Novice: 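My questions will all concern the structure given below.
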Amino acid sequence: MKQILSFILNGSPVDVIVTPTETLLDVLREKLGVTGPKRGCDDGDCGTCTVLLDGEPVRSCLTIALTVAGREVLTVEGLSTDGDLHPLQKAFHEHGAFQCGFCTPGMLMSAKALLDHNPTPSRTEIREYMSGNLCRCGSYEEIIEAIQVVAAGEYAPSGGKE
Amino acid sequence: MREVSYFAPTEVGEAVKLLAQHGEKAAVLAGGTDLVAQLNYYEIKPSALVYLGGLDLDYVREEGGKLVIGAGTTIAHLLTDDLIAQKFSVLAEAAATHGSPAIRTKATIGGNLGTASPAGDMIPALMVMDADLVLASSKGQRTVPIQEFFTGPGETVRTAEELILEIHVPLLKGKAVFKKLGRRKAQVCSIVSTAVRLEMDGGVCKDARIVLGSMAPTPLRCSKAEAMLKGKAVDAALVAECAAQAVAESTPIDDQRATAWYRAKAGTALVARALAEVAGI
Ligand SMILES: Cc1cc2nc3c(=O)[nH]c(=O)nc-3n(C[C@H](O)[C@H](O)[C@H](O)COP(=O)(O)OP(=O)(O)OC[C@H]3O[C@@H](n4cnc5c(N)ncnc54)[C@H](O)[C@@H]3O)c2cc1C
Ligand code: FES
Ligand code: FES
């Protein structure tokens, strides 16, 4: 049974026709062409599909698309503003917080949620909060470092979103 | 292609009517952290999804000397709720070990009960407090003691027409702790877990609960081990004996997470640690 789903994606309203068993990840990638969130496992384990739903991190692969009706979804595509990278994106880039980059969209969204809740996390708090995002390339140290430098204010937001 | 209907009722009455209509063919969807993975891998093929997110079942209240927890309360909410922190901290301890932040924002306590995994981490904490589960159907409500709810892995006494509505937790006395052993600290199914609660009077145990997770087809209350403690002065020797008895009551298996042999060894150590901690020795 197809239905129209309306929600706010990266600040703009969208309408899209979906079926009840389609996940938010299916709809983003296959219907809306938003391919930032990746499909690593479709099982909730890897974290690369992580997006923010009303500001909270969720697995888009475990989220039935119709359940986000009327709500706000933020993906990595919504992090930069007018081509200006988000401080976390700059820090990840400059600190080499990835190799292949497959985990990065999910890492960035989890990191944003962490800093939104706790602007000055300790190293332990960062490790705990990021524990559901796996990096097969093993860039964990650089990821922690990038989050730490943003928390320390090194890439103060330059008019970027939040 | 298979046709699936989607319903997002906004009232419990409407939800239970849908379950009565669709019976076994309906899947109740809460946070989806178990259910949607099963859908993605075609392990289940429901013809209707009944989403509970619109029912406002995410609440924790104190009523008549009990905590009342809505089935839709997320694990993230349990972790930050003041009532839970003050009056039922063992549940907050268990919540802290559940998955990772992006799982906890959606996973619910009702879903943990609905999945009925022997490794469900909220269950031992609810069992040491003698929680009651309130089930609702179009015919009315019934209350099931948690001790009688689980009948096997993934199996419960809940019928397809029933919804888990809320959980009633008597504020029993004593100190309780939860301990979990997994392959890593986050996002793991336990190899073994335990919750224990002791009510002490001086050095003497007045009442005890010992529950093991991942050690039997359902979370397991170890009543013989509990009986060993009652009325006794709790010391290190009794703790060791009691932990061994608790594990002797269980039936651990070999699986991809650990062997039965390892589970028994680790389980004994985990229960002993938990008992020593609550007994203050
Ligand atoms: C990466 C990952 C890590 C995890 N880590 C843990 C962990 O550490 N500890 C742990 O215990 N679990 C863990 N889980 C499993 C899962 O998160 C929990 O079992 C969770 O509590 C399920 O809740 P939910 O709201 O997501 O349930 P859903 O997936 O929505 O539902 C689960 C089942 O319960 C039924 N159900 C849900 N709500 C109700 C209700 N109110 N009435 C009747 N039936 C209902 C559903 O029909 C379904 O059968 C993990 C899962 C993932 C993907
Ligand atoms: S694709 Fe969603 S967690 Fe792996
Ligand atoms: S950079 Fe390759 S998975 Fe993390």
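Reminder, nothing fancy here: chain letters follow the sequence lines and each chain counts from 1. What you see is a predicted model, and the numbers here were worked out from it, not measured in a lab.
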Novice: Is chain A contacted by the side chain of B/Arg184, its backbone, both, or neither, given a heavy-atom distance below 4.5 Å?
Specialist: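 Just its side chain gets close to chain A.
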Novice: Name the member of A/Val58, A/Asp45, A/Thr23, A/Asn133 that forms the most heavy-atom pairs with chain B at distances under 4.5 Å.
Specialist: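 If we count pairs closer than 4.5 Å to chain B, A/Val58 comes out on top.
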Novice: For A/Leu74 and A/Val51, which heavy atoms make the closest approach, and how far apart are they?
Specialist: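 Closest approach of A/Leu74 to A/Val51, heavy atoms only: O-CB, 3.5 Å.
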Novice: Taking every non-hydrogen pair under 4.5 Å, which of A/Asp42, A/Asp43, A/Asp26 racks up the most with chain B?
Specialist: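 Most heavy-atom pairs within the cutoff with chain B belong to A/Asp42.
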Novice: Ignoring hydrogens and geometry beyond distance, is a side-chain donor-acceptor pair present between A/Glu94 and A/Tyr155 at under 3.5 Å?
Specialist: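 The answer is yes; a qualifying pair exists.
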Novice: Does any backbone or side-chain atom of B/Leu35 lie under 4.5 Å from a heavy atom of chain A? Answer side chain, backbone, both or neither.
Specialist: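 Neither; nothing under 4.5 Å.
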Novice: Can you check side chain to side chain donor-acceptor pair (under 3.5 Å) on B/His77 and B/Asp58, steps first, answer last?
Specialist: CA-CA 8 Å; B/His77 176 173; B/Asp58 188 344; 2.5 Å; yes
Novice: So which of A/Ala113, A/Gly106, A/Cys61, A/Ser110 has the biggest tally of heavy-atom pairs under 4.5 Å with chain B?
Specialist: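 Counting heavy-atom pairs under 4.5 Å, the top option is A/Cys61.
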Novice: If you count heavy-atom pairs under 4.5 Å between each of B/Ala186, B/Ser5, B/Ala48, B/Ala76 and chain A, which one has the most?
Specialist: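 So the answer, after comparing B/Ala186, B/Ser5, B/Ala48, B/Ala76, is B/Ser5.
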Novice: Between B/Ile191 and B/Gly182, which heavy-atom pair has the shortest distance, and what is it?
Specialist: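 Taking every non-hydrogen atom into account, CD1-C, 4.1 Å.
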Novice: Taking the side chain as C-beta and beyond, is there a heavy-atom pair between B/Ile84 and B/Ile69 under 4.5 Å?
Specialist: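 They are in side-chain contact.
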Novice: Where does A/Leu134 contact chain B at under 4.5 Å (heavy atoms): side chain, backbone, both or neither?
Specialist: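 When you check distances to chain B, only side chain atoms of A/Leu134 fall under 4.5 Å.
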Novice: For chain A, which candidate among B/Gly53, B/Gly31, B/Ala37, B/Gly54 shows the most heavy-atom pairs at distances under 4.5 Å?
Specialist: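 Most pairs with chain A among the choices: B/Ala37.
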Novice: Show the nearest heavy-atom pair for residues A/Ile17 and A/Glu22, with the distance to one decimal.
Specialist: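 Closest approach of A/Ile17 to A/Glu22: O-OE1, 4.5 Å.
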Novice: Based on non-hydrogen pairs under 4.5 Å, which of B/Gly32, B/Ala8, B/Ala102, B/Ser100 is most in contact with chain A?
Specialist: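 Among B/Gly32, B/Ala8, B/Ala102, B/Ser100, the one with the most close pairs to chain A is B/Ala102.
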Novice: Using distance alone, with no hydrogens and no angle criterion, decide if A/His95 and A/Glu141 have a side-chain donor and acceptor under 3.5 Å apart.
Specialist: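 Per modelled atom types, A/His95 and A/Glu141 side chains form no pair under 3.5 Å.
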